Amino acid sequence: MRLLILTLVAILACSAPKNELPIAEKDFCSSIHRNDSLSLTAALAPIADSMKTKSGVYMLEDGGGSLVARAWLADYAEKTIDIQYFIFSPDNVGLIACDYLVRAADRGVKVRLLVDDVMVEAGVHEILTLDSHENIDIKIYNPGVNLGKNILSKVKKFSSDFKGANQRMHNKTFIVDGKVCITGGRNIADEYFDYDHEYNFRDRDVLLLGKVNENVEKSFEDFWTSNLSVPVAELVSEEEANYADTTRFDRLHQYACNSDNFWPQVRDRIQDLHKGFEGLQANLVWLDDVHFVSDVPGKNDANGLGGGGVSTDTLINLIKKARRTIDIQSPYLVTSDLGKKLFKEAVDRGVKIRILTNSMASTDNMEAFSGYKRDRKKLLSSGVRIFEFRPDAKERYQVMTGALQEKLNFTPIFGLHAKSMIIDSEIVVVGTFNLDPRSANLNTECVTVIRSKRVASGVLAGMETEFAPENSWETTLTFNPDSVASRSKRVKTWSLKMIPKDIL
């Protein structure tokens with residue numbers, strides 16, 4: 001999460017200036033896109049009976065695999081693709097994602113895309129062109145602070161409705177045909193899939209099949225039909241636009257069909273995913289006890305910046321019921337008095353708590369780190385063990401996309417973005433919720449609660465690797481790794497210490 005008045009840069013654009021679009025490689029697209037002899041229904045046929053009564057769970061740990069899964073599902077969607085994201089950027093991954101959505105819409109698939117207003121900086125032409133497709137509808141959540149607004153109107157919105165302007169939609173879901181969903185920490189941007197050349201995130205998604213998707217789809221419908229979600233065409237317009245031009249998506253396709261923009265190694269994985277689908281099915285964990293929990297649009301109507309929500313209540317109840325261990329990954333760790341009290345009570349009853357968060361050197365959010373630093377000693381004094389992620393974590397070689405490592409002669413910085421919790425080695429929580437006041441009280445969040453020792457064992461194995469010294473530092477009352485960070489980061493952290501924690 002970014003701070004407060006987010007004049008940020010994630011753009012929902014689906015094209016770029018003409019002089020920046022490389023020429024498509026001849027016949028490249030014809031060799032990389034969908035095989036018409038395949039279908040999602042056929043791929044799911046062997047598990048169709050299980051999907052009626054149970055929920056299938058498969059963790060998506062590496063960025064490349066999570067990207068490939070989304071691309072393949074988009075390519076073989078038959079009826080609908082419903083997408084809900086906080087960030088949908090116009091970078092390499094975002095542009096390719098738009099290409100896949102347009103191609104699906106060309107086949108008759110109905111695509112609905114819901115994005116939070118504060119993270120949209122799209123050119124009017126680009127976003128309206130995408131929306132102009134007869135099978136694509138775009139809505140903007142809680143508008144009035146960004147799209148089509150100037151700086152004066154933004155200031156007016158925050159000054160007249162401070163809480164409302166700060167209530168953002170942080171949910172992340174990718175739903176195909178109401179049968180398969182991917183949800184978790186990843187937004188749609190290069191850095192969430194290990195494609196950024198400077199900075200990448202260690203993140204986690206979960207692929208869900210079957211029964212649980214009824215709740216996921218219901219949550220999406222609640223947001224889509226909410227008064228807070230407004231069709232983009234009602235917010236902005238474009239004079240002299242020719243949306244009847246049948247070639248209006250050609251430049252987007254040219255970009256996506258250039259092998260320099262979407263590495264052939266990844267294209268090959270997408271093409272071959274159907275061959276590995278049987279293996280994926282074999283590794284699915286089928287469960288009766290999987291719950292998707294989402295806040296409602298608007299989160300809460302309490303006075304002030306507090307109020308909580310159903311996702312907050314869910315996590316509080318899980319922590320209260322923990323008997324032995326709580327293992328947490330949260331990129332931003334800004335604890336309230338309630339949070340510190342919950343952890344202290346858990347420690348006092350014998351629960352061992354470990355939290356992995358970003359170090360000053362690895363974080364992308366100095367505002368949040370500033371809030372964390374103010375309370376770090378208090379949290380440590382309560383008996384909680386804290387680990388801080390290394391920007392040079394060795395795990396990056398196992399998790400980051402191999403294609404990127406082959407292409408670059410240096411290694412980008414690696415930061416933590418996974419938002420996960422394991423209770424007593426048997427309950428797994430994967431979602432969008434950061435341990436900070438913004439997730440607790442302002443942003444809408446969603447989490448998937450999975451009761452399974454087998455799933456917990458797999459996720460915990462990854463966490464154990466990340467707690468190890470080669471991937472994180474253990475911070476204590478006498479040691480922290482702040483000195484490893486650049487001087488500019490240390491100065492910025494100090495300068496931000498006056499920002500109230502309840503807006504972080």
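In this chain, residues are counted from 1 in sequence order. Note that the structure is predicted; figures quoted are calculated from it, not measured.
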**Request:** Go through the steps for Asn441 and Lys163 under the test side chain to side chain donor-acceptor pair (under 3.5 Å), then give the verdict.
**Result:** CA-CA 10 Å; Asn441 300 311; Lys163 181 174 182 177; over 6 Å; no
**Request:** Walk me through it: do Glu234 and Lys139 pass the test salt bridge (charged side-chain N to carboxylate O under 4.0 Å, His left out)?
**Result:** CA-CA 9 Å; Glu234 295 181 13; Lys139 288 188 177 183; over 6 Å; no
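Note: Trp72 and Tyr76 have tilted aromatic rings, judged against thresholds of 30 and 60 degrees for the angle between ring planes. A tilted orientation is assigned to the rings of His417 and Phe201, their planes being inclined by 30° to 60°.
When atom types are taken as modelled, the side chain of Lys172 and the backbone of Ile83 share no donor-acceptor pair closer than 3.5 angstrom. At least one donor-acceptor pair under 3.5 Å links the side chain of Asn365 to the backbone N or O of Glu367. Formation of a donor-acceptor pair under 3.5 Å by the Lys489 side chain with backbone atoms of Met360 is found in this model. Proximity of a side-chain donor or acceptor of Asp205 to a complementary backbone N or O of Leu60 within less than 3.5 Å is not detected. Asp194 contributes no side-chain N or O that, together with a main-chain N or O of Asp62, makes up a donor-acceptor pair within less than 3.5 Å. Side chain of Asn142 to main chain of Gly164: a donor-acceptor pair is present (N/O by atom type, distance under 3.5 Å, no hydrogens or angles). Judged purely by atom type and a 3.5 angstrom limit, Ser229 uses its side chain to pair as donor or acceptor with the backbone of Phe223. Under the 3.5 Å distance criterion, the side-chain polar atoms of Asp116 are matched with a main-chain donor or acceptor of Met169. Under a 3.5 Å cut-off, the side chain of Arg107 and the backbone N or O of Asp75 do form a donor-acceptor pair. Not one N or O on the side chain of Ser439 forms a donor-acceptor pair closer than 3.5 Å with the backbone of Leu435.
To the nearest 0.5 angstrom, Asn434 atom CG is 5.0 Å from Ser330 atom OG. Note that CZ of Arg487 is 15.0 Å distant from NZ of Lys492, once rounded to the nearest 0.5 Å. Asn358 contributes atom CG, which lies 11.0 Å from atom OG of Ser472 (distance to the nearest 0.5 angstrom). Considering OG of Ser55 and CG of Leu209, their distance stands at 9.0 Å, rounded to 0.5 Å. Note that CD1 of Ile188 and OG of Ser89 are 9.0 Å apart. Values are rounded to the nearest 0.5 Å.
Residues Asn187 and Tyr85 share a closest heavy-atom pair of CA-CD2, 3.9 Å. Of all non-hydrogen atoms in Arg168 and Val145, the two that sit nearest each other are NH1-CG2, 3.8 Å. Shortest non-hydrogen contact noted between Ile138 and Asp131 is N-OD1, 2.9 Å. Pairing each heavy atom of His170 with each of Asn443, the nearest pair is CB-CB, 3.9 Å.
Under 4.0 Å is where a charged nitrogen must lie from a carboxylate oxygen, and between Asp82 and Arg112 at least one such pair does. Comment: Asp177 does not engage Lys79 in a salt bridge, judged by the lack of any side-chain N to carboxylate O separation of less than 4.0 angstrom. The pair Lys211-Glu217 fails the salt-bridge criterion, with no side-chain N (NZ, NE, NH1 or NH2) lying under 4.0 Å from an Asp/Glu carboxylate O. Between Glu466 and Lys394 there is no salt bridge, since no side-chain N of the basic residue sits under 4.0 Å from a carboxylate O of the acidic one. A salt bridge does not link Arg438 with Asp436: every distance from a Lys NZ or Arg NE/NH1/NH2 to an Asp or Glu carboxylate oxygen is 4.0 Å or more.
Other residues, nucleotides and ligands place more than 12 heavy atoms under 6.0 Å from the NZ atom of Lys157.
Using a 3.5 Å distance cut-off with no hydrogens or angles, the side chains of Ser420 and Arg204 do pair a donor with an acceptor. A side-chain donor-acceptor contact under 3.5 Å links Glu388 and Tyr372. In this structure, a donor-acceptor pair under 3.5 Å is absent between the side chains of Thr41 and Ser39. Inspection of the Thr465 and Glu395 side chains reveals no N or O donor paired with an N or O acceptor under 3.5 Å. With hydrogens and angles left out, the side-chain atoms of Ser362 and Ser359 include a donor and acceptor closer than 3.5 Å. Side-chain contact, Thr444 with Asn171: a donor N or O sits under 3.5 Å from an acceptor N or O.
Taking the ring centroids of Phe414 and Phe389, they lie under the 6.0 Å cut-off.
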